[in-house]
Structures are given as C-alpha cells and as structure tokens.
Amino acid sequence: MKKALKIFLYIVAVLVLIQFIPVDRTNVPVDPNLDFVRVMDTPSEVETVLKRSCYDCHSNETRYPQYSYIAPFSWSVKHHVNKARKHLNFSEWGGYNKEQKQGILDKTVRVLEDRKMPLPVYVSYHEEAALTPEARKMLAAYFKSLSEAQNK
C-alpha cells in the first residue's frame, strides 16, 4: 500500500511541476491587409464558416480554450496550432506567393472533399466547428473557384 501511495504522490508531483513549463499562446497581431477574407473579398457566408471552423488553428486569431492552459493538453494544443499555421495561416495569406497560394487552394479543396478537416478530435471538443455537408460543399466550391481563377 505504501508503494502505491508513493507512486501516486510522485505522479501528482510530476503533474503539478509540468504546469510550470511555459507555453506561448501569444497571437501575432493580425494585419487586416494580409488576412484571407479581406484580400480575397470573401463572401460573408463563407467568412462565417471559415472563422467558426478554421480560424482557431489556421490563423493568428486562435482562441485558446480553458483546457489549453493545463499541461500536457497545452502542449498538444500548441503543437496542433503551430502545425496548422505552418500549412495554412489565413492571417498571412497576402504574404504567400502565387505558387504557395495555388498549392494551398488545391490542397484545401482535397482536404475538404476528403473530410479530413476540421480534425475529428477538434470537433469533439468544439461541436460548433463541425461542418455540415452543405457548408463543406460551399467551402470546397469557393476554394475551387479561387484555384481556377488563380490558374488563369
């Protein structure tokens, strides 16, 4: 019994100590002149869906939920946000070159059509981010039209 108590106390001590490992949740200020919805003059219905379902991870406008302040969840959330921003950051759209934009638009269409985004684990904690079939189709069509226009 004493051994089990020691193990339990050790685990609690580790969980308490890891709370002191800092995680930077600072969002870089957004330049509206670079933001996707402004640069692309995105229709309001598309903007609403993007802001609700995509911007939390794929922009500098991340709203960190309460659980993202508790280690080790904080590490996972920050890792996913960093990875998402690396692939696509809507806040920095105006800074991408033509080839980057084309690649992102094409990949976004595929990801939407293959139902890979938003991530199921994200949706399980943020039900409002789930895409209805209609919203998914609307976004895919919008990104496809941008891709085709970019190719001209």
Side-chain angles (χ1 to χ4, degrees), residues 11 14-152:
I11 291 171
V14 168
L15 288 174
V16 168
L17 288 174
I18 66 174
Q19 301 312 308
F20 294 101
I21 299 172
V23 173
D24 183 11
R25 291 177 209 79
T26 307
N27 284 323
V28 176
V30 176
D31 178 350
N33 296 314
L34 297 176
D35 190 66
F36 178 85
V37 297
R38 183 160 180 192
V39 171
M40 302 309 289
D41 195 26
T42 303
S44 62
E45 62 274 7
V46 173
E47 178 181 353
T48 299
V49 174
L50 285 175
K51 297 270 182 165
R52 185 187 68 229
S53 299
C54 309
Y55 263 59
D56 249 1
C57 296
H58 292 282
S59 79
N60 295 333
E61 298 179 41
T62 303
R63 293 169 290 139
Y64 290 97
Q66 291 293 58
Y67 64 83
S68 71
Y69 290 83
I70 302 167
F73 306 111
S74 57
W75 306 337
S76 177
V77 169
K78 187 60 182 169
H79 170 74
H80 280 99
V81 169
N82 287 345
K83 189 174 177 183
R85 288 177 180 171
K86 181 180 172 192
H87 290 285
L88 164 59
N89 189 331
F90 286 112
S91 299
E92 298 176 3
W93 181 259
Y96 292 140
N97 65 41
K98 185 177 179 175
E99 291 78 23
Q100 288 172 312
K101 289 177 181 177
Q102 188 64 53
I104 290 168
L105 292 170
D106 292 342
K107 184 170 183 178
T108 302
V109 171
R110 285 192 312 274
V111 163
L112 286 164
E113 290 176 345
D114 293 344
R115 302 179 53 87
K116 292 187 178 178
M117 285 285 157
L119 293 175
V121 69
Y122 180 77
V123 172
S124 70
Y125 288 99
H126 305 272
E127 292 177 6
E128 72 283 359
L131 291 173
T132 63
E134 296 79 20
R136 186 175 297 281
K137 188 181 238 181
M138 176 187 66
L139 285 180
Y142 178 67
F143 283 108
K144 194 177 287 186
S145 71
L146 293 177
S147 175
E148 290 168 358
Q150 176 109 0
N151 270 330
K152 289 183 182 179

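In this text the structure is predicted, and so the values were computed from the model without any measurement.
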- request: Using the six-membered ring wherever Trp is involved, compare the ring planes of Tyr96 and Trp93 and label them parallel, tilted or perpendicular (cut-offs 30° and 60°).
  value: perpendicular

Beyond-backbone contact of Asn82 with His79, side-chain heavy atoms, under 4.5 angstrom: no

field: Phe73, CZ atom: more than 12 neighbouring heavy atoms under 6.0 Å
entry: no

query: Are the side chains of Arg63 and Asp56 in touch, meaning some heavy atoms are under 4.5 Å apart?
result: yes

field: Any donor-acceptor N/O pair, Glu148 side chain to Ser145 backbone, under 3.5 Å
entry: no

message: I need the minimum non-hydrogen distance between Pro118 and Ser53, along with the two atoms involved.
response: CB-O, 4.0 Å

query: Would you say Lys78's side chain and Arg25's backbone share a donor-acceptor pair under 3.5 angstrom?
result: no

- prompt: Atom CG in Leu105, atom CD in Gln102: separation rounded to 0.5 Å?
  reply: 6.0 Å

- prompt: More than 12 heavy atoms of other residues, nucleotides or ligands under 6.0 Å from CZ of Arg115: is that the case?
  reply: no

query: When rounded to the nearest 0.5 angstrom, what distance separates CD in Glu45 from CG in Leu139?
result: 10.0 Å

field: Rounded distance [0.5 Å steps], NZ in Lys137 versus CG in Leu131
entry: 14.0 Å

message: Would you say NZ of Lys51 has more than 12 non-hydrogen atoms from neighbouring residues, nucleotides or ligands within 6.0 angstrom?
response: yes

- prompt: Does Glu128 CD have over 12 foreign heavy atoms under 6.0 Å away?
  reply: yes

Spacing of Lys101 atom NZ and Leu146 atom CG [to the nearest 0.5 Å]: 10.5 Å

field: Flag for Thr42-Tyr142: side-chain donor and acceptor within less than 3.5 Å
entry: yes

- prompt: Do Phe36 and His58 come close enough that some side-chain heavy atom pair is under 4.5 Å?
  reply: no

- prompt: If you round to the nearest 0.5 Å, how far is NZ of Lys116 from NZ of Lys107?
  reply: 8.5 Å

- request: Could you tell me the separation between the CZ atom of Phe90 and the CG atom of Asn60, rounded to the nearest 0.5 Å?
  value: 12.0 Å

- prompt: Can you find a heavy atom in the side chain of Met117 that is under 4.5 Å from one in the side chain of Cys57?
  reply: no

- request: May I ask you to decide if the ring planes of Tyr67 and Tyr125 are parallel, tilted or perpendicular, using 30° and 60° as cut-offs?
  value: tilted

query: Tell me, do Asn27 and Glu61 make a side-chain contact under 4.5 Å, heavy atoms counted?
result: no

message: With a 4.5 Å cut-off on side-chain heavy atoms, are Ile104 and Phe143 touching?
response: no

query: Any sub-3.5 Å donor-acceptor pair from Glu92's side-chain atoms to Leu34's backbone N or O?
result: no

- prompt: Of all heavy-atom pairs between Ile18 and Ala71, which one has the smallest distance, and what is that distance?
  reply: O-CB, 3.6 Å

message: How close do Thr62 and Arg85 get, counting heavy atoms only, and between which atoms?
response: OG1-NH2, 2.9 Å

field: Heavy-atom pair of closest approach, residues Ser91 and Val30
entry: OG-CG2, 3.8 Å

statement: Closest non-hydrogen atoms of Ser74 and Val23, given as atom of the first, atom of the second and distance, are OG-CG2, 3.6 Å

